[in-house]
Amino acid sequence: MTGIPVSQGVIKGYARVAMTLEEAEHLKPGEILITYSTDIGWSPYFPIISGVVTELGGLISTVGAVVSREYGLPCVVGLQGATKKFHTGDYVLLDGKKGILQRLSQPEQ
């Protein structure tokens, strides 16, 4: 999927789809957050995640975009349908320079 890149960086990791702050409580260090949108209430999770994807947003219109840049996290916004196409536990590539979120094969252990 391709959206609007708002914070550069490329990361591979496991996805965590969280639609509510209650679901976000299950975030594990290094996961890539995929959600519909963020507000200031999501800020405490940014120090533990490795990237952010939202369905809504633009370059400066979301807390996710601004806070991601502050933390140096790759972030792509405007990925409509991402919370339905991706699932918690998917291994993904997030490219905050090109605006890409892509499912990958699970890494060999």
May I ask you to test the Thr83-Met19 pair for a side-chain heavy-atom distance under 4.5 Å? yes
Run the side chain to side chain contact (heavy atoms under 4.5 Å, CB included) test on Leu56 and Val77 for me, step by step, so that the C-alpha distance in whole Å, both residues' side-chain angles and the decisive distance to 0.1 Å come before the verdict. CA-CA 6 Å; Leu56 289 183; Val77 300; over 6 Å; no
Rounded to the nearest 0.5 Å, what's the gap from CZ on Arg16 to OG1 on Thr35? Could you check? 12.5 Å
Write down the atom of Ser7, the atom of Leu73, and the distance for their closest heavy-atom approach. OG-O, 2.6 Å
Minimal non-hydrogen separation, Gly30 against Ser50, with atom names: O-OG, 2.6 Å
Please examine the side chains of Tyr71 and Ile49, heavy atoms only from C-beta on, and report whether any two atoms are closer than 4.5 Å. no
Is atom CD of Gln80 surrounded by more than 12 heavy atoms (other residues, nucleotides or ligands) closer than 6.0 Å? no
Do Val10 and Leu94 make a side-chain contact, defined as non-hydrogen atoms from C-beta onward lying under 4.5 Å apart? no
Taking the side chain as everything from C-beta on, heavy atoms only, tell me whether Ile48 gets closer than 4.5 Å to Leu27. yes
To the nearest 0.5 Å, what is the distance between OH (Tyr36) and CG (Leu79)? 12.5 Å
Do you know the tightest heavy-atom contact between Pro47 and Pro44? CD-O, 3.3 Å
Identified side chain to side chain contact (heavy atoms under 4.5 Å, CB included) partner of Val52 from the options Trp42, Tyr45, Phe46: Phe46
Give me each pair satisfying salt bridge (charged side-chain N to carboxylate O under 4.0 Å, His left out) with a member in residues 89-103, each pair once, sequence neighbours excluded. Asp90-Arg103
Might you point out which heavy atoms bring Lys84 and His87 nearest each other, and give the distance in Å? O-CE1, 3.7 Å
Hphob cluster co-occupancy, Leu33 + Val92, side-chain heavy atoms under 4.5 angstrom: no
Which value, rounded to the nearest 0.5 Å, describes the distance between Gln102 atom CD and Thr2 atom OG1? 9.5 Å
Thr38 and Thr54, any side-chain heavy atoms less than 4.5 Å apart: yes
Are Glu55 and Ser37 close enough that a side-chain donor and a side-chain acceptor fall under 3.5 Å? no
Over 12 foreign heavy atoms within 6.0 Å of OH, Tyr91: yes
How long is the gap from CD on Glu25 to OG1 on Thr20, to the nearest 0.5 Å? 8.0 Å
Can you check whether Ala65's main-chain N or O pairs, donor with acceptor, with Ser68's side chain at less than 3.5 Å? no
Evaluate Ile100 against Met1 for side chain to side chain contact (heavy atoms under 4.5 Å, CB included), listing each step before the verdict. CA-CA 6 Å; Ile100 295 170; Met1 294 186 79; over 6 Å; no
Cluster overlap Tyr14 with Val53, hydrophobic side-chain contacts below 4.5 Å: no
Grab the two heavy atoms, one from Gly99 and one from Pro5, that are nearest each other, plus how far apart they are. N-CB, 3.7 Å
Can you find a heavy atom in the side chain of Thr88 that is under 4.5 Å from one in the side chain of Val17? yes
Specify the closest pair of heavy atoms between Ile32 and Gly13, including all atoms of both residues, with the distance to one decimal. CD1-N, 3.8 Å
